[in-house]
Student: 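Can you read through this structure? Questions will come right after.
Naming convention: chains lettered A, B, ... in sequence-line order (proteins, then strands); numbering from 1 in each chain.
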Amino acid sequence: MNVLGFSKVVFGLAAMLFLLAPLAAILPLAFTDSVFLNYPIASYSTRWFNELVTADVWRRSIINSLIIGFGTTVLATVLGTLAALGLRRQEASWLFAFARTAFLLPMVVPAVVLGVGLQLMFARYNLANSYLGVIIAHTVIAVPFVVINVSAVLQAIEPRLEQAAASLGAAPPTVLARVTLPLAAPGIISGAVFAFATSLDEVVLTLFVAGPNQRTLARQMFSSIRENISPSIAAAALIFILGTIAAATVLNVLRRYRKPARAVS
Amino acid sequence: MTQPFIGFEKVSKVFGALTVVDQLDLAIHEGEFVSMLGPSGSGKTTILMMLAGFEAPSSGKISVAGRQVDQLPPHKRNMGVVFQNYALFPHMSVADNIAFPLSMRGVAKAESDQRVRRALDMVQLGALSDRRPSQLSGGQQQRVALARALVFEPQVVLMDEPLGALDKKLREQMQLDIRDLHRRLGLTIVFVTHDQSEALTMSDRIAVFNRGKIEQIGTPNEIYDHPATRFVAEFIGETNLIHATAEAADGEVSRVVLANGQSLSVGRKALKPGEQVCLSVRPERIKPSGTQENRIAGTVRDVVYHGDHLRLIVDAAGQTVVLRSERSEAAPTIGDGIEMSFSPRDCWVVAR
């Protein structure tokens, strides 16, 4: 192997180490028997996982994360897909350019700014401290991921396919249901996975708009670090990471089998 | 006069400052196979797209079977369209692709299955009904697209360069197959192509387009033997355009003079004396001997081998003339003096 190839491998490994070392340091502590979050681990147990599902605050927060995550996924996927369909036409008008930017804006606006604004608005509309409020807040930042993913697949759909469907007698809603959406399915699904993942690890907005009853897993981890640090947080982190890996796997499998599902007839 | 089946009346299409179709008048009869032939950008595909309903004309009127259709959305026009890249639905099987127009028309499952099977048999793909389009070859995909466009018995079938992506052998086979289907089913077909030999092979009539206008419309024979303009003469097949000046037109025969002063007789055509014209003479009509009425002497510049024939490139009267020569003859070689001749019937006068 030449020097360049060798140094590339070394650099790559070093970068991976840099990214993964913190995880490697914290994750084994999920299996400690001790009540302290430190090494060395004297004996191993699953007591902290047990605590996650039995202790009320943790169990509640996991359920909350799932409720809010699914709510966000559904809402963001529907809205984002509709937005991507609407923005699809490549028109060079400033209105389209503006709309496109507006939909992607939540990705770059600081979450704190968004949080303050949403809190003020929700207080006025009685949405503060409600599940719907948190779902709406998470949807705001999840929609851009759906828009990006769905726009990408829509762009790849041959316009001739939709023309062909129309020439064969399909009215525009039928073309959408039987040709466009089935072909866009891989992008819609990966957008949905991103939306769920975004909701799952969102902390800042949750701090602003959620009440004590909507405490999510990420929010609970955040406060437990400050209040009473215990290995249960490492256990929660492990669950989190496994969830993320599962989502990433779903995405990869989808990309591998790019062939979209068969249209329902 | 009976009303045409498909009629374009003063149809124009303008994109910004660009006039793609200019005041088109065209009449197509029921059961006719009409090719729209022209270079890319001549407006032929835009005309097809307006007929299918994917583009709206900027002005003018389009009617089909006595009904004005230019305001009708594509899904209500009942036309089968075959696209260049087939446009098969990749997420459906071959059978589902062909069943699609039937399901749009609410045809019952049992009847639909039967019609799909018949359509597949018609294009000889019965065994592949469960495959996905991506598992088929280009030629097979084209047959599926054809079956899908015909299965609902549309009043008109539109084809937009459907054979462009196939290799030569397959293309020639498909040309014969489509022509056969046209005859057997009595279809009205509008066929867009830039391949002149394809148009000559398949069509009842050819409309030759140039810059958004029809240069000439007629049977393949008329178009080939009697091109109306220099553009048509050059675009269809190969031709020699020999510059000449009209000399006299006395009744049956006109005479023209070449630059070197030599006088030739040409077929019937009203010519004004002194008019600058071109004689269009097909290479296969020129004999490499002095047996015909119009004789020109020249020097062989090149001999090109083509397997079944030779092409002679000859300098004559200050111009280049190309002709075909049989291989069996005592073929001339480069530098030989040669006498060529052609009949007045075989040279056609076009404006210069």
Student: Should the heavy atoms of other residues, nucleotides or ligands under 6.0 Å from OH of A:Tyr125 be counted, would the total exceed 12?
Tutor: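 Count not over threshold, so no.
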Student: Run the side chain to side chain contact (heavy atoms under 4.5 Å, CB included) check on A:Arg178 and B:Phe89 step by step: do they pass?
Tutor: CA-CA 10 Å; A:Arg178 297 220 16 205; B:Phe89 304 127; over 6 Å; no
Student: Can you name the closest pair of heavy atoms from B:Arg148 and A:Ala164 and give their distance?
Tutor: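 Heavy atoms only, the tightest pair is NH2-CB, 3.6 Å.
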Student: Please classify the contact of A:Ser167 with chain B as side chain, backbone, both or neither, using a heavy-atom distance under 4.5 Å.
Tutor: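 It is both, since atoms from each part get that close.
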Student: For the residue pair B:Leu88 and A:Leu161, what are the closest heavy atoms and their distance?
Tutor: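 Reported closest heavy-atom pair: O-CD2, 3.1 Å.
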Student: So which heavy atom on A:Pro182 is nearest to which on B:His91, and how close?
Tutor: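 In this case the closest contact between A:Pro182 and B:His91 is CB-CD2, 3.5 Å.
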Student: Search all heavy atoms of A:Ala170 against all heavy atoms of B:His75 and return the closest pair with its distance.
Tutor: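 Taking every non-hydrogen atom into account, O-CB, 3.2 Å.
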Student: Which atoms of A:Gln163 come close to chain B, meaning under 4.5 Å heavy atom to heavy atom: side chain ones, backbone ones, both, or neither?
Tutor: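 For A:Gln163, the contact with chain B is made by backbone and side chain together.
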Student: Side chain from CB out, backbone as N, CA, C, O: work out which of these in B:Arg77 comes under 4.5 Å of a heavy atom of chain A, or both, or neither.
Tutor: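 For B:Arg77, neither part sits under 4.5 Å from chain A.
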Student: Which atoms of B:Phe152 come close to chain A, meaning under 4.5 Å heavy atom to heavy atom: side chain ones, backbone ones, both, or neither?
Tutor: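 The side chain, not the backbone.
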Student: For the CZ atom on B:Arg67, are there more than 12 heavy atoms of other groups (residues, nucleotides or ligands in this structure) within a distance under 6.0 Å?
Tutor: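 No, not enclosed.
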Student: Taking side chain as C-beta onward, heavy atoms only, is B:Tyr86 less than 4.5 Å from A:Arg160?
Tutor: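 Side-chain contact under 4.5 Å: no.
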Student: Looking at B:Pro74, B:Ser103, B:Pro101, which one forms a side chain to side chain contact (heavy atoms under 4.5 Å, CB included) with A:Leu168?
Tutor: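 When B:Pro74, B:Ser103, B:Pro101 are each tested with A:Leu168, the side chain to side chain contact (heavy atoms under 4.5 Å, CB included) holds only for B:Pro101.
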Student: Around atom NE2 of B:His194, are there more than 12 heavy atoms from other residues, nucleotides or ligands closer than 6.0 Å?
Tutor: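 Count not over threshold, so no.
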